[in-house]
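The next block holds one structure in the form of structure tokens; read it before the comments.
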Amino acid sequence: MCGIVGYVGEKKCTDILLSGLKSLEYRGYDSAGIAIIDEDTVKIFKSVGKIQNLFDKVENEKSNIKNPVVGIGHIRWATHGKPTLFNAHPHTCNCGNLAIVHNGIIENYKELREELTLKGAIFKSETDTETVAHLIAYEYESSKDLLIAVQNATKKLKGAYSLCIMHRDNPDEIIATKCFAPLLIGVGENENMVGSDVPAIIGITNKIIYLDDMDIAVVKKDGVVVRNYNGDVVNKKVVELSIKEDSLNKMGYKHFMIKEIFEQPDIIRNALNGRLKDVHSNIVFPEIDSLQSDKKIDNIKIVACGTSLHAGIIAKYIIEDLTGVTIEVESSSEYIYRNNTTNSSSLVIGISQSGETADTITAMRLAKDKGAKILIITNRPDSSICKFADSVIPVNAGIEVSVAATKSYTAQLIVLYLFAIYLCEVQKKHTAVLREIKQELLTIPSKIEHILNNKSEIEGMAKSLSHYKDFIYIARGTNLATAQEGALKLKEISYINATAYPAGELKHGPIAMLDENMPVLAILIPNHITFDKMISNCEEAKARNAKLIALTSSNDERLEKLFDYIIRVPEVSEILSPLITYVPLQLLAYYIANYLGKDVDQPRNLAKSVTVE
Ligand code: M6R
């Protein structure tokens, strides 16, 4: 949550900071601000709401901006204090010579605030961040050395932070430091940047230094010096990234979400290319081979949040079905606050698109402390979660910009399917069945393309369904999590209430809510033992006047009569069906939200990476 950018160089930095913030907009969008050192003064510009407001503000005040070549910026997702101008970053101290931006939460900020107030600090905001500004300023008063002031101040902080600090007395540098929150340095030619995520700096450079916790970097235009907690200089590796600029560009689509939905067939193709040579060969998974050890693994747990959790639930169904191995799946936020049964014989699989989700990171840390083996499945192998991993499987979806996860879910699912097949191959089980599954896997990208090519049908349907305030999604078996994921997509981008239930649960309570105002969307998989049961559940809903929507590949003649709408998908086996059934649900959510004029890519109250617990 929140985004940080910093620049030191020879160019006028306001545009660079603004464009860095623009590319971090998916991290938070309550308010934004920049601080620059210009004409020997720290100048701060802030605005509430979308980043465009900050662009306008800076444009309006451009006559007051001469030649700033050092600056920091921030885009905020409010934690402490409402999204007001006072609470927006950068924050400063009494004299206004120091400016800082911060991601994370300072847990002991109340005590620090009291102490600093007694020492004369005048607080203008409700934020935890302003405490850090005053604390560093206080330390600076005695040391007159910004680096030492930051070193002393950070020793007093409890919690998670990434910080960028600048001071009028040091007009050629930014200090950057972090603890349990990501921060990186972009290394350029006669210019260097700081960012909380790669998109912030990719317009300037693709050479990156990843900071470790408690590192403190002094960033100047012609060099970066990183010191550890003890003040010793550490040699950091410069990593060269191959980020495609396309990921950060809508490429003609109206929203990133729809662009990312359309990328899904290729994501599956790429994943299969790397790991599934042909249907007769075993799945290639060096990341799992490297996990094998003399230590016996006798229990597997999957821990994740949101969409990643849904991918984990599907993995449970397919792995248990194919291998008979028991898999527990749990939301990270539950896993971390109970006495769970993880032990040194556990394999704990953390799934996270961003790799920065605080709950999942804490879960991995706790599991590691208990001696478990940790496998991380992530779209960001450069992220914080990976430092707890014994092995990392990158899902290679490319940067996902839309807050609603779509292509990363696809990428997670395909990796999890391959993982399930791999486990089965290790057990030397179901060889013929596996061949059929692998054969069918290869057809999935074109089946998704077929759905995408028929998007206008779903678009039409979305229009006529968009006035409903509530939806129920039902499914049985492997697609239960698909229903949950579909409902989550609708909720988060259209703000329409949607709840998913196992279809058999309807009559245990939710059926009481059914009437003509409550559409029921049912996922029906033909030739599966649950098909007739699903039909019965839908008939029960119809008897209560609910509008019925089927999502199916079935041509069963009962469907036309029973359902008000039918979303057809290509034929697919039950086990692989979650690889295509979610696509129409993504489209339905997208088109409803778009029709209602919602801010699809940046839904209210949400942020792409939930870096606070
Ligand atoms: O980055 P992660 O996969 O750990 O994120 C988990 C959830 O925050 C995320 O999936 C969230 O639910 C999305 N908004 C779903 O679209």
Side-chain angles (χ1 to χ4, degrees), residues 1-4 6 28 35 72 74 76-81 87-94 97-143 145-167 170 173-185 194-196 210-219 226-232 234 356 358 361-362 365 384 387 609-613:
M1 282 161 166
C2 304
I4 283 180
I72 56 179
H74 188 266
R76 179 166 187 251
W77 187 91
T79 54
H80 292 77
N87 289 337
H89 301 212
H91 287 282
T92 186
C93 55
N94 287 5
N97 288 340
L98 172 139
I100 80 164
V101 290
H102 162 226
N103 283 357
I105 291 184
I106 306 299
E107 284 161 10
N108 58 337
Y109 84 101
K110 283 201 177 122
E111 298 92 287
L112 291 171
R113 190 176 168 124
E114 275 168 26
E115 275 172 36
L116 290 159
T117 307
L118 290 175
K119 288 172 180 159
I122 300 164
F123 282 84
K124 297 175 219 67
S125 78
E126 305 154 284
T127 63
D128 50 344
T129 306
E130 194 186 350
T131 316
V132 188
H134 287 292
L135 182 61
I136 298 173
Y138 176 75
E139 294 291 340
Y140 184 74
E141 264 173 39
S142 47
S143 68
D145 182 315
L146 190 57
L147 176 63
I148 292 176
V150 173
Q151 279 168 340
N152 291 342
T154 47
K155 284 181 183 151
K156 296 183 178 152
L157 300 180
K158 289 197 188 122
Y161 56 81
S162 47
L163 294 166
C164 252
I165 305 123
M166 59 179 212
H167 198 289
N170 299 35
E173 71 181 34
I174 294 174
I175 296 198
T177 182
K178 65 156 259 164
C179 180
F180 301 131
L183 199 61
L184 51 87
I185 293 166
V194 183
S196 51
Y210 289 99
L211 292 183
D212 290 308
D213 287 342
M214 311 309 290
D215 279 351
I216 301 186
V218 178
V219 184
V226 183
R227 289 171 198 275
N228 63 17
Y229 187 71
N230 300 320
D232 303 326
V234 276
E356 301 295 348
I361 292 180
T362 306
R365 184 166 45 78
S384 308
K387 69 169 177 259
S609 310
V610 184
T611 53
V612 291
E613 275 183 25

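Sequence positions, counted from 1, serve as the residue numbers for this chain. Atom set for the values below is all heavy atoms of this structure, side chains included, hydrogens, waters and symmetry mates excluded.
- Shown here for Thr127 and Tyr109, the closest heavy-atom pair between the two residues is O-CD1, 4.2 Å.
- Considering Val101, Ile100, Thr129 in turn, Val101 is the only one that fulfils the side chain to side chain contact (heavy atoms under 4.5 Å, CB included) rule with Pro90.
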Problem set entry | Intermediate values then yes/no, side chain to side chain donor-acceptor pair (under 3.5 Å), Asn170 and Glu173 | CA-CA 6 Å; Asn170 299 35; Glu173 71 181 34; 2.8 Å; yes
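- Separating the CD1 atom in Ile4 from the CG atom in Leu163 is a distance of 6.5 Å, to the nearest 0.5 Å.
- Listed by chain and number, the residues in a salt bridge (charged side-chain N to carboxylate O under 4.0 Å, His left out) with Asp215 are Lys236 (sequence neighbours excluded).
- A donor-acceptor contact shorter than 3.5 Å is absent between the side chain of Asn103 and the backbone of Ser162.
- Residue Thr131 is tested with Ile106, Leu157, Leu116, Asn108 for a side chain to side chain contact (heavy atoms under 4.5 Å, CB included); the sole match is Leu116.
- Taking 4.5 Å as the limit, some side-chain heavy atom of Val226 sits within range of a side-chain heavy atom of Leu211.
- At a threshold of 4.5 Å between non-hydrogen side-chain atoms, the residues Val132 and Tyr161 do not count as touching.
- Between Asp213 and Lys387 a salt bridge is recorded (basic side-chain N to carboxylate O distance below 4.0 Å).
- Closest of all the heavy-atom pairs between Ala176 and Val194 is CB-CG1, 3.9 Å.
- The nearest pair of heavy atoms linking Ser384 to Ile361 is CB-CD1, 3.8 Å.
- Taking the six-membered ring for Trp and thresholds of 30 and 60 degrees, His89 and His74 have nearly parallel ring planes, at less than 30 degrees apart.
- For the pair Ala153 and Ile136, the tightest heavy-atom approach, listed with the atom from each and the gap, is CB-CG1, 3.6 Å.
- Side chains of Val219 and Ile175 form no contact here, defined as non-hydrogen atoms less than 4.5 Å apart.
- For the residue pair Cys2 and Ser196, the shortest heavy atom distance occurs at O-OG, 4.3 Å.
- Here CG of Leu135 is found 12.5 Å from CD of Glu130. Values are rounded to the nearest 0.5 Å.
- Taking CD from Gln151 and OH from Tyr229, the interatomic distance works out to 10.0 Å, rounded to the nearest 0.5 Å.
- Leu183 CG to Asp212 CG: the interatomic distance, rounded to the nearest 0.5 Å, is 11.5 Å.
- Crowding of Lys124 atom NZ: a count of heavy atoms from other residues, nucleotides or ligands under 6.0 Å exceeding 12.
- Listed by chain and residue number, Glu139 satisfy the salt bridge (charged side-chain N to carboxylate O under 4.0 Å, His left out) test with Lys156 (two or more places apart in sequence, or in another chain).
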Problem set entry | side chain to side chain contact (heavy atoms under 4.5 Å, CB included) between Arg76 and Asn87, intermediate numbers included | CA-CA 9 Å; Arg76 179 166 187 251; Asn87 289 337; 3.5 Å; yes
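- By the neighbour-count criterion of 12 heavy atoms within 6.0 Å, atom OH of Tyr138 is sparsely surrounded, having that number or fewer from other residues, nucleotides or ligands.
- Thr92 places a side-chain N or O within 3.5 Å of a backbone atom of Leu98 that can act as its donor or acceptor partner.
- Annotation for Lys110: atom NZ does not count as buried by contact number, only 12 or fewer foreign heavy atoms lying within 6.0 Å.
- Without hydrogens or angle criteria, Asn230 side chain to Asp232 main chain gives no donor-acceptor distance under 3.5 Å.
- Listed for the His134 side chain is no donor-acceptor partner under 3.5 Å among the backbone atoms of Arg113.
- Taken to the nearest 0.5 Å, the CZ atom of Arg227 stands 15.0 Å off from the CE atom of Met214.
- Taking CG of Asp128 as the reference point, atom NE2 of His102 lies at 5.0 Å (rounded to 0.5 Å).
- Shown here for His91 and Ser125, the closest heavy-atom pair between the two residues is CE1-OG, 3.5 Å.
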